[in-house]
Each structure stands twice: as structure tokens, then as C-alpha cells.
> 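I have a structure here, written as C-alpha cells, and I will follow up with some questions on it.
Just so you know, these numbers use all the heavy atoms, side chains as well, and skip hydrogens, waters and symmetry mates.
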Amino acid sequence: MAYCTNCGSQVRDDQDVCLSCGKSLKLGKQNKVYDEQGSTFGYAVLGFFIPIVGLVLYLMWKDERPNASQSAGKGALVGFILNFLFSILVMIILMTSSGFWMYDF
């Protein structure tokens, strides 16, 4: 599979122009089409469990490997949100069980 470096859309190998954005796909110094093969699920899992790594991979690969970049970025975002919600839930449970919100009047 090949992808447009301008918009990240999938393009065929025999295309000269991206159908999504109209950018020329001819190989040259400025316009390159990158091949990306294999599953990107592993990058999503890595980003989920270690969100900072997913963010770094997203920023590093957003032009070179758009699918892997998006997977790592989505995994990092979901991992961060779930970690944040879990932390709030644990804090509420600890405060409730310790009697933090109970007052003697």
C-alpha cells in the first residue's frame, strides 16, 4: 500500500495524482510516497499502555508512516483518558472508604 504524503490517503501504485487532495505523487525530492506493510495493532497497544511512547511515535511517524502513527496516537489518547478516569475512581473510593467526606456535627 502507498499513501499520499500530503493528506495520508491511500493511493494506488499507478496513480500520478492523489484523488483526495490533488497533490502530485511523482517520486522526487519533495513528493514521496511511502509504503507501509503489516499490522499497526501493536503500536496501538504500546501507545495504550505507555501513552508517552505512543505520543512520541505519533509525532515522529506522522509523515513517514501515517497508519502506524495514527494507531500509536489513538492508543496513547485512549490510554491516557482511561488512566485518568481510573485514577479519579480510585481517589473517590479511597476518600469514601477512609471517611474523608464524613463530618461530625
> Taking all non-hydrogen atoms of both residues, which atom of Gly22 and which atom of Val17 are closest, and how far apart?
O-CG1, 3.4 Å

> Quick one: CD1 on Ile50 to CG on Leu57, what's the gap to the nearest 0.5 Å?
10.0 Å

> Please say yes or no: joined through hydrophobic side-chain contacts below 4.5 Å, possibly via intermediate residues, are Ile81 and Leu55 part of one cluster?
no

> Calculate, to the nearest 0.5 Å, the distance between atoms CD1 and CD1 belonging to Ile92 and Ile88 respectively.
7.0 Å

> Do you reckon Val45 sits in the same ILVMFWY cluster as Val53, going by side-chain contacts under 4.5 Å, direct or chained?
yes

> Within a radius of less than 6.0 Å around CG of Leu59, do more than 12 heavy atoms belonging to other residues, nucleotides or ligands occur?
yes

> Tell me the closest heavy-atom pair linking Leu19 and Gln15, and the distance in Å.
CG-NE2, 3.5 Å

> Under a single-linkage definition using a 4.5 Å side-chain heavy-atom cutoff for Ile, Leu, Val, Met, Phe, Trp and Tyr, are Phe86 and Val78 assigned to the same hydrophobic cluster?
no

> Rounded to the nearest 0.5 Å, how far apart are OG of Ser71 and CG of Leu46?
11.5 Å

> Would the number of heavy atoms belonging to other residues, nucleotides or ligands and lying under 6.0 Å from CZ of Phe48 be above 12?
yes

> Grouping I, L, V, M, F, W and Y whenever their side-chain heavy atoms are under 4.5 Å apart, do Leu82 and Met91 come out in a common cluster?
no

> List the atom of Gly8, the atom of Tyr3, and the distance in Å for their closest heavy-atom pair.
O-CD2, 3.5 Å

> How long is the span from the CH2 atom in Trp61 to the CG atom in Asn67, to the nearest 0.5 Å?
12.0 Å

> Compare every heavy atom of Pro51 with every heavy atom of Asn83, then report the nearest pair and how far apart it is.
ND2-CG, 4.1 Å

> Which atom pair, heavy atoms only, marks the closest approach of Lys23 to Cys4?
CB-SG, 4.4 Å

> Could you state the interatomic distance from SG (Cys18) to CZ (Arg12), rounded to the nearest 0.5 Å?
11.0 Å

